[in-house]
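Here's the structure we're looking at; comments come further down.
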Amino acid sequence: DLVAKTLEMASFRYQIATVSFKPMGVTIWGPDGARLFLPIADPRVDGMAFFPLGDRLLTWSKASLQVWDTSSGMVRHWLRLNHIVQCARVFPAGDRIVACPLYSACMIWDLIDGSSMQIAGAIDAWHVEIVLSGERVVTWNAGLRIQVWNASTGDAAGELSGHRNSLTAGAVFPSGDRVVSVGRDATAIVWDVATCWSLRVIVGVGLVSQIVVLPGNEVVATMSPHRAVKLWDVTSGKLVQTLSMPREWIHGPHWLATPQRGERLFAWNVAGGIAGWDTTSGQELFQVATWPNTTYVVEVGAGNDVL
């Protein structure tokens, strides 16, 4: 999970950010190969997120968050919490960020005036998404609770109830009006955030450690720890494809990524490999062997032809 959270891509400027341990820091790679190194003082980076225009990068490590200027490498904002940050996101306008620390309530910071607001009811949330153009925040909490919050006031705006066992993964649709959740009940549920109604229940997805919504909003990809990546039709709830894993991947995939058009799906493996599939036919397009046990995740660059 540490590795899976340590690479993000800014689709607007086609930048990729990677984490290294020797030296400790984040490297931002441009389309022309130019590099900018951001030294991180903490001995780990738990996650990153580019701002919408790619001009800034949000990183979180332990109990602090940093906002970096991706042109100069300077720190614009440094925020410190009392507990380890589990997840953070940038609002679509790039003016606010939300972070959810361990054992504490989620916080929203206004990067323009420096003010902050606590979402008092969102305690110990391990996953967060921003929906409805920044009007709502959705948190995945311990147990079965998926809660919707007003991003302006911090008040509760609803709850998504339907799973019969603890939650394991979640994602937001590119349209920003729906989210999908997965639980240990082997069920994925698609939710309308505005009404808090379930739109589709997909049964039989198994144990899922990550879920990705492919662009187009009609297909989701689920990843399990047991060497299985499956594509599901959101409208019908039916299984569309099961992608076969390379034989060398003893421990299965560790992270999924998809380009903006969604016609390909890529996976990365801790043993040192990258594979790509055609999401329509399920055919494996390529397999690349890389260094084993290194720290990176695959993301897709400009034109869908660069990794």
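Quick note: numbers below take in every heavy atom, side chains included, and nothing from hydrogens, waters or symmetry partners.
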Answer yes if the side chains of Q86 and D124 hold a donor-acceptor pair under 3.5 Å, and no otherwise. yes

Between S198 and R200, is there a donor-acceptor pair closer than 3.5 Å when you use the side chain of the first and the backbone of the second? no

**Prompt:** Should P92 and I130 count as side-chain neighbours, where that means a heavy-atom distance under 4.5 Å?
**Reply:** yes

(message) Can you tell me if the gamma sulfurs of C106 and C100 sit closer than 2.5 Å?
(response) yes

When rounded to the nearest 0.5 Å, the distance separating CD1 of I146 from CG of N141 is 9.0 Å

In terms of hydrophobic clustering (I, L, V, M, F, W, Y; side-chain heavy atoms under 4.5 Å; direct or indirect links), are L160 and L144 co-clustered? no

Exceeds 12 heavy-atom contacts within 6.0 angstrom, atom CG of N82: no

- Task: Determine whether the side chains of Q118 and S116 contain a donor N or O and an acceptor N or O closer than 3.5 Å.
- Result: no

Any side-chain donor paired with an acceptor under 3.5 Å for T139 and H127? no

(Q) Looking at R184, I'd like to know if its CZ atom is crowded, meaning that more than 12 non-hydrogen atoms belonging to other residues, nucleotides or ligands lie closer than 6.0 Å. (A) no

In this structure, CH2 of W197 is separated from CZ of R178 (nearest 0.5 Å) by 15.0 Å

In T222, V220, V205, the residue satisfying side chain to side chain contact (heavy atoms under 4.5 Å, CB included) with K230 is T222

Working for salt bridge (charged side-chain N to carboxylate O under 4.0 Å, His left out), residues R76 and D69: CA-CA 6 Å; R76 289 193 181 184; D69 187 298; 2.8 Å; yes

